[in-house]
Protein chains: 2
Amino acid sequence: MPGRPGPRRTLSAEVITDAALGLLDDGGAEALSMRRIAAAAGVAPNALYTYFPDKAAVLRAVVDRLVGRHANPALTGDAPWRDRVRAMAVAVRAGLLAHPGAAAMIMSAPLDGPEALRFGELLLDALAEAGVTGPDAARASYAVMVYLLGAIALEAADQGADPGARRAAAAAIPAEHFPRTAASAAVIATYNTVEQYLWGLDRLVDGLVR
Amino acid sequence: MPGRPGPRRTLSAEVITDAALGLLDDGGAEALSMRRIAAAAGVAPNALYTYFPDKAAVLRAVVDRLVGRHANPALTGDAPWRDRVRAMAVAVRAGLLAHPGAAAMIMSAPLDGPEALRFGELLLDALAEAGVTGPDAARASYAVMVYLLGAIALEAADQGADPGARRAAAAAIPAEHFPRTAASAAVIATYNTVEQYLWGLDRLVDGLVR
DNA sequence: ACCTGAACACCGTTCAAGT
DNA sequence: ACCTGAACACCGTTCAAGT
């Protein structure tokens, strides 16, 4: 009876997450359907429900893996704490912007997977080195995560927009109604985005360790 | 020939956005399908495509309205700049958390609508009052937006998670592997979320105007 | 326990019409 | 120009089986 199943143990949460990550690399976030993930894993769509309760759970696993893969290596090592944090910020930004749509996924699922846990711990290590401990440390590390992930998600959203339309919108800002915004738009165009991103991070860290 | 159309001018981008906002209030973000929005507006699904190129454009219009409605009134007035910024932060948080899913939408579309433009201008006004002008003002206002929207989106994502599972995950943090995280989780549970949110905002603003 | 086929109740978007 | 019915190519998820 060929094609007829039975307990085959071909599948696992790991295999499913791998398949999803592969699809994300190739086709972006909108390629991440349960049916396509299942097909990539060589299995019927509903087989995924043995390992995950629903699609959101699969996405959470993918997000956790992405965060761990890009953030955690940069935070490990014995460089000074500020260098580690900056290196992590650059790595996680590059890693997430590489997959279109990954940044938006990060903001729509809670960061509670095992890799995210390690991420938080490494960030707390760095802050402790900076002299931030006790109750403030928890709030400070959360603020850093918020800034990083928010900045990456907003940049990805902007990136996804039609560049022509974006330029037109920037040029069409009526300076008589929005004088400061019009001036800002001209200024912002001269910076690159990593520079802005790190500038904001440094200001936040300044406020946190002051 | 009853039910047969012709140019009726019953529809407009405004009417569509209103219908979408109504659905968002009632049913959350997953109620926002083109077919349901059309039904709420009393029209066939494809009629929406006369006014918006695709679903993403409709969502952008919704997001712009939400931001404008909640952020801009609080930034208008003659209170000291820091009070205006804090009041705006509280208002936009409450306004977005009130619609489940609205926060995630904000992070997945560029903030380039008319209301968002006004939002940016009002924020730049406040920062100018704080003495932040020139090239730094643009980067500073962007950093503030990133923090606010990122914090709200992450809080909404956490809120959306199953509370039982969340508590279980927090309690299950192995202190021998993640000592600082385990200690933090205990601390964080004693704060309310608005307090944490404003604490981070204040630290960022400290770094920006220092 | 693990996987399947088949089905249910949806989607966004397009196309060729009608007025 | 503005709206329609009908269709296309999908979705996530559930259910009753099979091994």
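Each chain gets a letter, A, B and so on, in the order its sequence line appears, and its residues count up from 1.
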I'd like to check A:Leu148 versus A:Met88 (side-chain heavy atoms, cut-off strictly below 4.5 Å). Are they in contact? yes

Pairwise 5' ranking along DNA chain C for B:Lys55 and A:Ala44, keeping only the more 5' one: A:Ala44

pair A:Trp81-A:Val132: side-chain heavy atoms closer than 4.5 Å: no

Rounded to whole angstroms, how far apart are CD1 on A:Ile37 and P on D:dC11? 10 Å

Just verifying a value: how many Å separate A:Ile106 CD1 and B:Met107 CE, rounded to the nearest 0.5 Å? 11.0 Å

Separation of D:dC2 P from B:Leu11 CG (nearest whole Å): 10 Å

Whole-Å gap separating P (C:dC10) and CG (B:Leu32): 16 Å

Is the phosphate of C:dC3, meaning OP1 or OP2, less than 4.0 Å from a side-chain N or O of A:Tyr51? yes

Can you figure out which of D:dT4, D:dT13, C:dT4 approaches the side chain of B:Ala47 most closely? D:dT4

Starting at atom CG of B:Leu48, determine the distance to atom P of C:dC11, rounded to an integer number of angstrom. 13 Å

Any side-chain heavy-atom pair from B:Ile152 and B:Tyr197 closer than 4.5 angstrom? yes

Figure out the CG/P separation between B:Leu23 and C:dC11, and round it to whole Å. 10 Å

C:dC11, OP1 or OP2 - any side-chain N/O from B:Arg36 closer than 4.0 Å? yes

Provide the Watson-Crick or G-U wobble partner of C:dT19, both distances under 3.5 Å; none if there is no partner. D:dA1

Counting heavy atoms from C-beta on, name the nucleotide in D:dT13, C:dT13, C:dC3 closest to the side chain of A:Val43. C:dC3

Same-atom distance (P) from D:dA9 to C:dA9, integer angstrom: 23 Å

Euclidean distance, atom CD of residue B:Glu30 to atom C1' of D:dT13 [Å, nearest integer]: 15 Å

Side-chain N or O of B:Thr50 versus OP1/OP2 of D:dC2: is the shortest distance under 4.0 Å? no

Sort out the partner of D:dA6 for me: Watson-Crick or G-U wobble, both distances under 3.5 Å, none otherwise. C:dT14

CZ of A:Phe52 versus P of C:dC2: gap in Å, rounded? 14 Å

Round to a whole Å and report the spacing from OH of A:Tyr49 to P of D:dT14. 7 Å

Output for pair (B:Glu195 CD, B:Leu198 CG), nearest 0.5 Å, gives 9.0 Å

Closer than 4.0 Å, any side-chain N/O of A:Arg35 to the OP1 or OP2 of D:dA9? no

